[in-house]
Colleague: 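Have a look at the structure that comes next, please.
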Amino acid sequence: MSTPSLLILAGDGIGPEVMAQVTRIIDWFGEKRDLKFDVSEDLVGGAAYDAHGVPLHDDTMAKAQEVDAVLLGAVGGPAYDDLDFSLKPERGLLRLRKEMDLFSNLRPAQCFDALADFSSLKRDIVAGLDIVIVRELTSGSYFGEPRGIFEENGQRVGINTQRYTEAEIDRVARSAFELARRRGNKVCSMEKANVMESGILWRDVVEAVHKADYADVELSHMYADNGAMQLVRAPKQFDVIVTDNLFGDILSDCAAMLTGSLGMLPSASLGAPMENGRPKAMYEPVHGSAPDITGQGIANPSACILSFAMALRYSFDQGAEADRLEKAVETVLGNGVRTADLMQAEGGTPTSTEGMGDAIIDALNASL
Ligand code: NAD
């Protein structure tokens with residue numbers, strides 16, 4: 001089989017700082033595990049605007065379509081705030097998601113034991129939490145037509161349309177069931193079938209997909225408002241949650257905060273399978289470019305490193321190596337190594353971005 005290919009788009013702000021640690025880890029897997037990647041690098045966001053006058057060059061877009069996975073750092077920053085909407089750094093990211101048709105957004109909420117006290121919930125509710133929210137990313141009320149602000153009887157009316165086709169629900173449901181098979185084998189589908197026709201169709205299609213091809217996976221349904229309540233009441237009851245774009249936006253942020261820190265949260269966005277059977281894929285930390293700490297060498301690289309672990313698992317079928325990397329991060333945290341964002345008020349000396357990378361590589365070496 002040919003060497004798997006990876007396009008790195010480090011982006012802006014702390015993006016290149018955290019990505020530098022990921023590059024060291026990719027090298028480690030090449031040297032120590034004989035897991036080699038054909039890595040190329042390119043620009044996105046403000047960095048691409050500075051070089052090419054656009055937030056994503058067509059050549060970069062073409063490369064992203066060809067590789068097995070894209071790994072993105074972060075985009076944006078105050079220097080680009082006054083640009084025309086079409087040239088803003090975030091447009092580069094949106095173009096990637098749209099043209100690669102990345103319809104399935106995986107947002108894990110995993111609470112490392114050493115960080116359980118960072119959560120706003122009690123330790124016993126979140127310690128050991130390991131769930132994934134699968135959010136439909138390319139349809140629903142953020143895209144449905146008609147949309148706009150219209151005049152009606154002398155006043156303005158704001159309209160957005162929640163619209164889903166069977167095919168759109170079918171493919172994201174499959175993505176959730178496939179994911180569940182690699183994890184705890186449970187899917188909970190969330191909608192509002194009690195008050196929305198799109199919710200009735202959502203439930204119908206999820207059930208049909210389940211019956212036809214995934215009867216081995218345990219399926220349950222929940223109204224999304226109850227889901228929000230259950231996420232803060234007893235989040236460990238879930239394994240994989242699948243939901244639409246709007247509910248997924250809200251529920252995934254809610255679930256993310258169960259784990260405490262933005263610097264720890266990875267994500268994956270997956271599309272349809274390519275010819276080689278791998279899904280089109282982009283992996284990125286949930287956080288942004290953090291202009292307030294850029295250039296200080298203190299950003300936490302864990303979210304970006306854990307995004308690479310997701311790439312190992314979901315694009316490259318290297319679940320055991322993904323486990324190894326996640327375990328290394330957990331070990332490092334367990335040993336009390338902390339970047340500044342993970343320091344409790346009582347303090348101690350924070351480690352640098354590079355120091356965190358060193359510690360994770362030490363833990364990887366110790367795992368051999
Ligand atoms: P942000 O995520 O960049 O930062 C929020 C806060 O969290 C800041 O205090 C920051 O210092 C801290 N933080 C974030 N990541 C961290 C890390 N790895 N280690 C330590 N601390 C970390 O969000 P923001 O401040 O709202 O946005 C800043 C810029 O990033 C904006 O231009 C925004 O548009 C952009 N943004 C980009 C993405 C993306 O690239 N996917 C996502 C969100 C925001």
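Counting starts at 1 for both ligands and their atoms, in listed order. FYI, side chains are in, hydrogens and waters are out, and symmetry mates aren't considered; it's all heavy atoms of this structure.
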Colleague: Any non-hydrogen protein atom below 4.0 Å of atom 32 (O) of ligand 1?
Modeller: yes
Colleague: Quick one: which of Leu93, Leu342, Asp81, Thr339 has a heavy atom closest to atom 39 (C) of ligand 1?
Modeller: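 Shortest heavy-atom distance from atom 39 (C) of ligand 1: Leu93.
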Colleague: Are more than 12 heavy atoms, taken from residues, nucleotides or ligands other than Gln296, located less than 6.0 Å from that residue's CD atom?
Modeller: yes
Colleague: So if I count the atoms of ligand 1 from 1 in the order they appear, which ones are less than 4.0 Å from some heavy atom of Ala74?
Modeller: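 Numbered from 1, ligand 1 contributes 40 (O).
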Colleague: If we count only non-hydrogen protein atoms and require a distance under 4.0 Å, does atom 2 (O) of ligand 1 qualify as touching the protein?
Modeller: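 Neighbour list for atom 2 (O) of ligand 1 includes protein heavy atoms (cut-off 4.0 Å).
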Colleague: Of all the non-hydrogen atoms in the protein, which one sits nearest to atom 29 (C) of ligand 1, and at what distance?
Modeller: Ser289 OG, 3.2 Å
Colleague: Give the atom numbers and elements of ligand 1 that come within less than 4.0 Å of a heavy atom of Glu90.
Modeller: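 Atoms satisfying the 4.0 Å criterion: 32 (O), 33 (C), 34 (O), 35 (C).
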Colleague: Show me which atoms of ligand 1 lie under 4.0 Å from any heavy atom of Leu262.
Modeller: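 Result: 2 (O), 5 (C), 7 (O).
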Colleague: Could you tell me whether ligand 1 has any atom less than 4.0 Å away from a heavy atom of Gly77?
Modeller: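 Yes, Gly77 has a heavy atom closer than 4.0 Å to ligand 1.
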Colleague: Output yes when the distance from some N or O of ligand 1 to some N or O of Val18 is under 3.5 Å, and no in every other case.
Modeller: no
Colleague: Counting from 1, what ligand 1 atoms have a heavy atom of Glu284 closer than 4.0 Å?
Modeller: 41 (N)
Colleague: If the threshold is 4.0 Å, N to carboxylate O, is there a salt bridge linking Glu66 and Lys63?
Modeller: no
Colleague: Shared ILVMFWY cluster between Phe112 and Leu342, side chains joined below 4.5 angstrom?
Modeller: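 As far as the 4.5 Å side-chain criterion goes, Leu342 and Phe112 are connected within one cluster.
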Colleague: Is the CZ atom of Arg163 crowded by more than 12 outside heavy atoms at less than 6.0 Å?
Modeller: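 No, because the 6.0 Å sphere around CZ of Arg163 holds 12 heavy atoms or fewer from other groups.
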Colleague: Passes side chain to side chain donor-acceptor pair (under 3.5 Å), Thr353 versus Glu17? Steps please.
Modeller: CA-CA 7 Å; Thr353 307; Glu17 299 174 33; 4.7 Å; no
Colleague: Under the ring-ring contact (aromatic ring centres under 6.0 Å, His included) test against Tyr164, which residue among Trp202, Phe247, Phe143 passes?
Modeller: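 Only match with Tyr164 under ring-ring contact (aromatic ring centres under 6.0 Å, His included): Trp202.
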Colleague: Mark yes when over 12 heavy atoms from residues, nucleotides or ligands other than Lys36 sit less than 6.0 Å from its NZ; otherwise mark no.
Modeller: yes
Colleague: Does the N or O separation between Gly288 and ligand 1 drop below 3.5 Å for any pair?
Modeller: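 For ligand 1, there is an N or O atom that lies under 3.5 Å from one belonging to Gly288.
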Colleague: Crowded around Glu197 CD? As in, over 12 foreign heavy atoms under 6.0 Å?
Modeller: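 No - once you tally the heavy atoms of other residues, nucleotides and ligands closer than 6.0 Å, there are 12 at most.
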Colleague: Could you list the donor-acceptor pairs under 3.5 angstrom formed between side-chain atoms of residues 303-311 and any protein atom two or more places apart in sequence or on another chain?
Modeller:
| residue | atom | partner | partner atom | Å |
| --- | --- | --- | --- | --- |
| Ser307 | OG | Glu284 | O | 3.2 |
| Ser307 | OG | Ala303 | O | 2.8 |

Colleague: Checking side chain to side chain donor-acceptor pair (under 3.5 Å) for the pair Arg135/Ser252: CA distance, chi angles, key distance, verdict?
Modeller: CA-CA 8 Å; Arg135 166 189 173 193; Ser252 63; 5.0 Å; no
Colleague: Using a strict cut-off of 4.0 Å, indicate which atoms of ligand 1 neighbour a heavy atom of Ala299.
Modeller: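 Within the 4.0 Å cut-off of Ala299, ligand 1 contributes 19 (N).
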Colleague: Starting from atom 11 (O) of ligand 1, which protein heavy atom do you reach first, and at what distance in Å?
Modeller: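 Residue, atom and distance for the closest contact: Asp292 OD1, 2.8 Å.
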Colleague: Do any nitrogen or oxygen atoms of Ile298 lie less than 3.5 angstrom from nitrogen or oxygen atoms of ligand 1?
Modeller: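 No; the residue has no nitrogen or oxygen that sits under 3.5 Å from a nitrogen or oxygen of the ligand.
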Colleague: Short check: is a protein heavy atom less than 4.0 Å from atom 20 (C) of ligand 1?
Modeller: yes
Colleague: Got a protein heavy atom sitting under 4.0 Å from atom 27 (O) of ligand 1?
Modeller: no
Colleague: Which protein non-hydrogen atom lies closest to atom 25 (O) of ligand 1, naming both residue and atom, and how far is it?
Modeller: Pro291 CD, 4.5 Å
Colleague: So, taking the atom named CG in Leu121 and the one named CZ in Arg233, what distance separates them when rounded to the nearest 0.5 Å?
Modeller: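 Interatomic distance, Leu121 CG to Arg233 CZ, rounded to 0.5 Å: 12.0 Å.
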Colleague: Considering only the protein, which heavy-atom contact is closest to atom 17 (C) of ligand 1, and what is its distance?
Modeller: Asn300 N, 3.7 Å
Colleague: Nearest protein heavy atom to atom 14 (C) of ligand 1, by residue and atom, and its distance?
Modeller: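 The answer is His287 CB, 3.7 Å.
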Colleague: In terms of atom number and element, which parts of ligand 1 are under 4.0 angstrom from non-hydrogen atoms of Ile14?
Modeller: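 Close to Ile14: 15 (N), 16 (C), 17 (C), 18 (N).
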Colleague: For the CD1 atom on Ile149, are there more than 12 heavy atoms of other groups (residues, nucleotides or ligands in this structure) within a distance under 6.0 Å?
Modeller: no
Colleague: List ligand 1 atoms under 4.0 Å from Gly76, heavy atoms only on the residue side.
Modeller: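 Those qualifying, in numeric order: 32 (O).
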Colleague: Please state whether the rings of Tyr214 and Phe177 are parallel, tilted or perpendicular, taking 30° and 60° as the class boundaries.
Modeller: parallel
Colleague: Which residue owns the protein heavy atom closest to atom 13 (N) of ligand 1, what's the atom, and how far is it?
Modeller: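 The protein heavy atom lying closest is Ala290 CB, 4.1 Å.
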Colleague: Around atom 22 (C) of ligand 1, find the nearest protein heavy atom and jot down its residue, atom name and distance.
Modeller: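 Checking every protein heavy atom, the shortest distance to atom 22 (C) of ligand 1 gives Ile293 CD1, 4.1 Å.
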Colleague: If we only count N/O pairs under 3.5 Å, is Val75 in contact with ligand 1?
Modeller: yes
Colleague: Is it true that, when you exclude Glu152 itself, more than 12 heavy atoms of the residues, nucleotides or ligands shown sit nearer than 6.0 Å to its CD?
Modeller: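 No, because the 6.0 Å sphere around CD of Glu152 holds 12 heavy atoms or fewer from other groups.
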